[in-house]
Amino acid sequence: MQLLMKYSFLKMKMVLLCFVFYEGALAKNDFPQLLDINSAKFWELVKHHQNQKSVLVNFWASWCLPCVEEFPHLMELKAKYKDKVEFIFVSFDFENSRENALKFLHGQSMMDVSYLNVETEQEFLKSMPESWSGALPYTMFFSKKGKQVMAMEGGQSKEEFEKYIRITLSQ
Amino acid sequence: MRVFFNKWAPFVLVMFMLQSGFGGNIESLSLGSKAPMLDAKFKDISGSELSLSSAKRENGLLVVFSCNTCPYVRAWEGRYPELASKAKEANIGIIMLNSNEARRDGGESLDDMKSHAKENGYLDKSGKPLFAYAVDKDHKLADAFGATRTPETFLFDKDLKLVYKGAIDDNSKSEADVKESYLKNAIMALSKGDDIKTASTKSIGCSIKRL
């Protein structure tokens with residue numbers, strides 16, 4: 001009986017240790033990472049990939065249902081087109097939902113850097129295309145030459161995303 | 001023929017999309033347009049039915065697309081009672097509409113709206129709504145307005161012509177740090193018969209959950 005109790009206690013300690021380790025990993029932001037970004041840095045980032053890859057930008061938030069519904073499609077396409085298309089994810093979660101965004105990205109097995117807007121939305125929107133009313137999600141496609149090929153507001157299917165990626169790659 | 005199609009099809013498709021405004025985006029009501037669906041009836045949280053015509057007051061009408069669950073609404077809604085009071089002072093009617101038809105069983109039903117109003121300061125001390133908060137069934141009004149997100153505002157003058165559309169102000173996160181109160185300024189200008197300096201703004205918001 002004493003042995004059984006000792007074993008149960010050990011098992012509980014191990015579970016607790018695993019939990020602390022998991023939380024610690026998230027807290028340390030090993031991966032996924034969610035870095036602060038503003039509109040100036042965002043455009044620098046898009047430009048950085050010019051002449052190397054086409055770029056797909058997705059503006060999302062962890063509380064936005066159509067955003068989280070379409071996210072797995074983007075992750076699949078990210079893996080499929082990794083050599084040709086750079087995927088940039090910018091979250092519009094508030095600071096108090098940063099952890100939710102990180103946990104969501106973790107659940108999507110995101111192993112790259114993602115971004116969180118820290119500018120006021122009005123400032124960020126000033127440099128955005130007229131076609132974006134501000135509703136989330138919003139996705140933009142840039143050709144390898146850096147030209148914006150198209151942009152879409154609202155949730156999309158995997159097929160739609162892939163169609164637009166192919167069009168972007170053809171530019 | 002097949003070679004021609006393969007070569008030019010993406011180009012033609014892109015041109016078509018550019019023409020149609022980038023991937024099927026919704027077109028918003030233009031400034032100067034008359035408010036549509038004036039006599040359509042909407043059921044509000046007090047149980048009565050009202051229309052844009054009946055909600056309008058002498059100097060105009062403010063229409064706000066809102067909801068219960070969007071964090072951007074939650075960030076801004078503390079400013080709703082003051083907006084309602086400014087509109088009332090300016091003799092402008094106000095109606096908030098919930099168009100999230102696809103989420104009626106996910107926190108956006110009329111009963112949820114009643115609870116939300118009670119818990120978030122939409123009622124006065126006697127329990128009477130400070131402004132109408134009504135269901136836009138099947139998002140018909142949101143479609144007619146080309147509204148895309150919550151919160152999104154549309155201000156009409158005494159002839160029900162659109163004079164301002166867009167954000168409430170320039171800072172959802174902190175009311176104390178607001179530099180420009182777009183909607184409040186537009187209401188004041190409208191009541192004085194002045195020109196509205198900033199007649200159209202944008203804001204990040206939750207997409208309206210259409211069917």
Side-chain angles (χ1 to χ4, degrees), chain A residues 39 59-67 69-70 90-97 100-101 117-141 143 147-157 160-161 163-171, chain B residues 6-18 20-28 65 69-76 100 102-103 106-107 146-152 165-174 177-180 182 198 200-210:
Chain A
S39 51
F59 296 129
W60 70 287
S62 64
W63 41 258
C64 158
L65 203 65
C67 304
E69 280 172 354
E70 70 177 14
V90 179
S91 164
F92 280 84
D93 276 272
F94 290 153
E95 194 54 48
N96 62 11
S97 58
N100 292 347
N117 172 52
V118 290
E119 202 170 30
T120 67
E121 299 88 33
Q122 289 298 319
E123 279 303 314
F124 197 94
L125 280 167
K126 277 180 191 167
S127 69
M128 292 296 131
E130 269 303 304
S131 64
W132 188 22
S133 75
L136 293 172
Y138 183 70
T139 309
M140 292 194 280
F141 299 80
S143 70
K147 189 186 162 206
Q148 188 190 319
V149 178
M150 57 180 63
M152 292 170 301
E153 199 168 88
Q156 312 293 328
S157 66
E160 281 170 310
F161 278 133
K163 184 170 78 184
Y164 301 133
I165 286 172
R166 285 189 181 150
I167 292 169
T168 304
L169 288 172
S170 73
Q171 298 294 297
Chain B
N6 286 345
K7 192 174 175 187
W8 291 101
F11 178 73
V12 171
L13 188 59
V14 169
M15 289 310 289
F16 172 75
M17 283 170 156
L18 289 170
S20 61
F22 274 32
N25 291 339
I26 295 164
E27 196 165 330
S28 168
F65 290 91
T69 55
C70 170
Y72 278 92
V73 168
R74 305 305 295 258
W76 257 307
N100 280 354
R103 296 286 177 269
T148 58
R149 62 197 184 278
T150 56
E152 185 174 0
K165 61 174 178 175
I168 290 168
D169 56 47
D170 64 1
N171 199 323
S172 65
K173 289 167 190 157
S174 164
D177 295 320
V178 169
K179 287 181 188 141
E180 216 176 331
Y182 307 122
T198 308
S200 176
T201 59
K202 295 201 284 186
S203 58
I204 304 282
C206 308
S207 53
I208 288 174
K209 309 299 182 292
R210 290 178 157 88

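Proteins get letters first, then strands, A, B, ... in listed order; numbering begins at 1 in each. The figures here come from the full heavy-atom set of this structure, side chains too, leaving out hydrogens, waters and symmetry mates.
Comparing P137(A), S97(A), A135(A) by how many heavy-atom pairs each has under 4.5 Å with chain B, the most go to A135(A). Residue with the most contacts toward chain A among P71(B), S28(B), S207(B): P71(B) (heavy-atom pairs, distance under 4.5 Å).
Annotation: the span from K179(B) atom NZ to T120(A) atom OG1 amounts to 7.0 Å, rounded to 0.5 Å. To the nearest 0.5 Å, the span separating CG on L125(A) from CD1 on I204(B) amounts to 4.0 Å. A distance of 12.5 Å separates OG in S133(A) from CD in E27(B), rounded to the nearest 0.5 Å. Rounding to the nearest 0.5 angstrom, the gap separating the CD atom in E123(A) from the CG atom in N171(B) is 10.0 Å.
At a threshold of 4.5 Å between non-hydrogen side-chain atoms, the residues R74(B) and W63(A) do not count as touching.
Of all heavy-atom pairs spanning P66(A) and K209(B), the tightest one is CD-CE, 3.8 Å. Contact record, E69(A) with R103(B): OE2-NH2, 3.9 Å, taken as the closest heavy-atom pair.
Contacts of F59(A) classified as ring-ring contact (aromatic ring centres under 6.0 Å, His included), with partners at least two apart in sequence or in another chain: F42(A), F92(A), F124(A), W132(A). For F161(A), there are no ring-ring contact (aromatic ring centres under 6.0 Å, His included) partners two or more places apart in sequence or in a different chain.
Between K202(B) and E121(A) no salt bridge is recorded (no basic side-chain N to carboxylate O distance below 4.0 Å).
No part of D177(B) comes within reach of chain A, as not one of its non-hydrogen atoms sits under 4.5 angstrom from that chain. Within the 4.5 angstrom heavy-atom criterion, no atom of R210(B) approaches chain A.
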